[in-house]
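Values below: every heavy atom of this structure, side chains too, minus hydrogens, waters and symmetry copies.
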Amino acid sequence: MLDGIDFDLFCMKEPGYVMIMMSTYGTLEYPGSPKYRSWLDDGEKKQAMIRYPEVIHNHYLYQHVVDNHNGLRHAPISLEMS
């Protein structure tokens, strides 16, 4: 609890980093279809099926919404289109 607000921490380990997300919503349900991840380990290709918890699933599903919106807002004005 922080400033009277309950929150949960969701963590995911990748080979190069650990992603930690703080969220005031979410469950440990696994929405969406399974994803497959491939990597090389000592020259051998390995693959694993991954199912993300709700908060991490939503992060990957909607991560570009804000960036794309801001990019469109800051795009130069096109005289040809006006």
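Partner Tyr52 forms a ring pair (Phe, Tyr, Trp, His ring centres under 6.0 Å) with one of Phe10, Tyr30, Tyr60 and no other, that one being Tyr60.
In terms of modelled atom types and a separation under 3.5 Å, the side chain of Arg51 and the main chain of Glu29 share no donor-acceptor contact. For Gln47 (side chain) and Ser38 (main-chain N/O), no donor-acceptor pair under 3.5 Å exists by modelled atom type.
Side-chain contact between Met19 and His59 is present, with at least one heavy-atom pair separated by less than 4.5 Å. Residues Val55 and Ser23 are in side-chain contact: their nearest non-hydrogen atoms beyond the backbone lie under 4.5 Å apart. Here the side chains of Asp6 and Thr24 are not in contact, with every heavy-atom distance at 4.5 Å or above.
Note: Leu61 CG to Ile56 CD1 = 13.5 Å, rounded to the nearest 0.5 Å. Remark: Met21 CE to Met12 CE distance equals 9.0 Å, nearest 0.5 Å. Atom-to-atom distance recorded for Ile50:CD1 and Lys35:NZ is 10.5 Å, nearest 0.5 angstrom.
Listed here is the closest heavy atom pair of Pro31 and Pro53: CD-C, 4.3 Å.
Around the OH atom of Tyr62, the shell of radius 6.0 Å holds no more than 12 heavy atoms that belong to other residues, nucleotides or ligands.
The same ILVMFWY cluster, assembled from side-chain heavy atoms under 4.5 Å apart, contains both Met22 and Ile20.
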